[in-house]
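Read through the structure below, which is laid out as structure tokens, and then see the notes.
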Amino acid sequence: MRAAMCFSFSHFQLPRIQNHTFSGSLWKRVHNSSIKGENSYRFQLLSPSIYGLQGGQHSRRWSRKSLSTNTEGKNTLSRKTNNISQKISDVTNLTHSGLNTSRLEISGSESVHIEQKITENKDISKLVTVIIFDIETTGFSRYNDRVIEIAMQDLSGGENSTFETLVNPLKRIWNTSIHNISDDMVKSPTVPRMKELIPILVQYIQSRQKPGGRVILVAHNGKSFDVPFLKEEFRRHSCELPSNWLFLDTVPLARKLLKSGVGLENMRLATLREYYGIPEMGAEHRAMADVNVLALVLQGLTRDLKLTLPSLLENHTFKSSDIVNNSKKKKD
DNA sequence: GGCCCTCTTTAGGGCCTT
């Protein structure tokens with residue numbers, strides 16, 4: 001199967017977020033809602049630092065360009081090809097010839113310096129890539145259900161800062177009412193299966209990693225759901241999540257905020273979106289819509305909890321190896 | 001399923017994810 005990927009040059013501007021009480025902060029964006037047609041977005045992303053970090057002058061305007069398959073599941077041809085799409089094509093071809101995805105793993109030794117910089121309290125924002133991600137699945141069981149959509153957004157911005165694709169789960173989708181992703185949408189020949197997507201995914205994240213830096217993959221309830229789910233999908237295809245990927249779960253941060261007595265009702269993403277006055281960004285429970293929301297929720301959480309990038313790295317990240325896989329006790 | 005909380009730890013219930 002050919003996993004046809006295409007570039008969608010999106011134009012999406014978010015509304016201005018209230019409470020810019022600090023300067024030089026991460027997502028100090030200026031967004032004006034302006035949706036230009038279906039699947040057409042653009043937004044501006046300014047400084048790639050987190051609360052408390054001096055990220056320098058990042059007034060440069062980023063134009064986010066997306067890397068995606070057609071998430072409506074229609075069989076359309078890509079309208080533009082460049083080096084990255086060629087790389088993806090190459091990776092896909094390698095997959096078909098039996099690629100071992102461990103070849104794509106980044107050496108853990110490359111990230112040694114970042115721990116030193118944390119210790120030395122140096123600016124590490126230029127070494128850390130923060131990627132928000134979300135998956136849609138056929139259900140809650142990582143053993144019996146499958147991923148049907150995945151979306152990612154590198155907060156550094158720039159070309160190809162987002163990635164999204166449907167995934168053919170090779171099984172019936174029973175929860176279409178949740179996310180509106182149907183069997184017909186994922187059966188399109190342009191929609192990759194997980195077997196084909198894994199090396200593409202690893203290649204994409206590797207392409208976003210800065211030399212000698214670290215990648216933090218952020219998801220809401222990621223430690224209990226998204227990361228174990230991905231880990232199981234990788235295991236099912238005899239792969240492992242790269243050991244140098246770090247993960248961050250925003251639920252514990254939300255719990256901390258809730259306990260502080262600010263009036264947050266619960267820790268759901270939708271509740272956090274309302275709490276921070278973030279407008280809906282497309283259909284709820286579509287991966288990229290939730291990623292866009294979580295990107296702004298993370299901004300609010302780090303601001304309210306006064307979390308710096310070093311403190312996030314040291315106290316709130318985990319590795320996939322921290323998650324116990326009980327798959328040996330289960331049968332698909 | 002992992003995490004947190006409590007009327008707990010030799011347990012049970014609720015939250016959060018699709």
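- Annotation: side-chain hydrogen bond (donor to acceptor under 3.5 Å, both in side chains) contacts of N180(A) (sequence neighbours excluded): none.
- Separating the P atom of dG2(B) from that of dC7(B) is a span of 25 Å, rounded to the nearest Å.
- Rounded to whole angstrom, the span from the CZ atom of F133(A) across to the P atom of dT17(B) amounts to 14 Å.
- Remark: C1' of dC16(B) and CD of E136(A) are 14 Å apart, rounded to the nearest angstrom.
- At the heavy-atom level, D145(A) lies nowhere under 4.0 Å from the strands shown.
- In terms of position on DNA chain B, the residue among I135(A) and D322(A) whose nearest nucleotide sits closer to the 5' end is D322(A).
- Separating the C1' atom of dT17(B) from that of dC3(B) is a span of 13 Å, rounded to the nearest Å.
- The interatomic distance linking I173(A) (CD1) with dT18(B) (P) rounds to 15 Å, in whole Å.
- Remark: R142(A) is in phosphate contact with dG2(B), judged by side-chain N or O atoms under 4.0 Å from OP1 or OP2.
- Taking side-chain N and O atoms only, H220(A) has a distance below 4.0 Å to OP1 or OP2 of dT17(B).
- R208(A) contributes a side-chain N or O that, together with a main-chain N or O of N160(A), makes up a donor-acceptor pair within less than 3.5 Å.
- Per the stacking criterion (ring centres < 5.5 Å, plane angle < 30°), F140(A) stacks onto the base of dT17(B).
- Rounded to whole Å, the distance from CG on L294(A) to P on dT17(B) is 10 Å.
- For the pair K223(A) and dG1(B), the criterion of a side-chain N or O lying under 4.0 Å from OP1 or OP2 is not met.
- Put simply, CE on M288(A) is 15 Å from P on dT18(B), counting in whole angstrom units.
- One finds no salt bridge joining E136(A) and R286(A) here, because no Lys/Arg side-chain nitrogen approaches an Asp/Glu carboxylate oxygen to under 4.0 Å.
- We find that CE of M267(A) is positioned 13 Å from P of dC3(B), with the value rounded to whole Å.
- Between D290(A) and S224(A), the residue whose closest nucleotide on DNA chain B is further toward the 5' end is S224(A).
- Base engagement by H285(A) is indicated by at least one non-hydrogen atom pair under 4.0 Å involving a base atom.
- Contact annotation: side chain of D226(A) to base of dT17(B), donor-acceptor pair absent below 3.5 Å.
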So which protein N/O to nucleotides 5-8 of chain B N/O distances come out below 3.5 Å?
from, atom 1, to, atom 2, distance (Å)
dC5(B), OP1, K259(A), NZ, 2.4

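- Residues that satisfy the side-chain hydrogen bond (donor to acceptor under 3.5 Å, both in side chains) test with E233(A), not counting sequence neighbours, are R236(A).
- In this structure, F140(A) CZ and N175(A) CG are separated by 8.5 Å, a value rounded to the nearest 0.5 Å.
- The side-chain heavy atoms of I131(A) and L155(A), taken from C-beta on, include no pair separated by under 4.5 Å.
- Using a 4.0 Å heavy-atom criterion, one finds that N266(A) contacts the sugar-phosphate atoms exclusively.
- A cation-pi geometry, defined here as NZ or CZ lying under 6.0 Å from the six-membered ring centre and within 45° of its normal, does not hold between K319(A) and F247(A).
- Taking the C1' atom of each, dT8(B) and dG13(B) are spaced 12 Å apart, rounded to whole Å.
- Here E240(A) does not pair with R235(A) in a salt bridge; the nearest charged N to carboxylate O distance is not below 4.0 Å.
- Atom NZ of K171(A) is separated from atom C1' of dT18(B) by 12 Å (rounded to the nearest Å).
- Rounded to an integer number of Å, the gap from CZ of F225(A) to P of dC3(B) is 16 Å.
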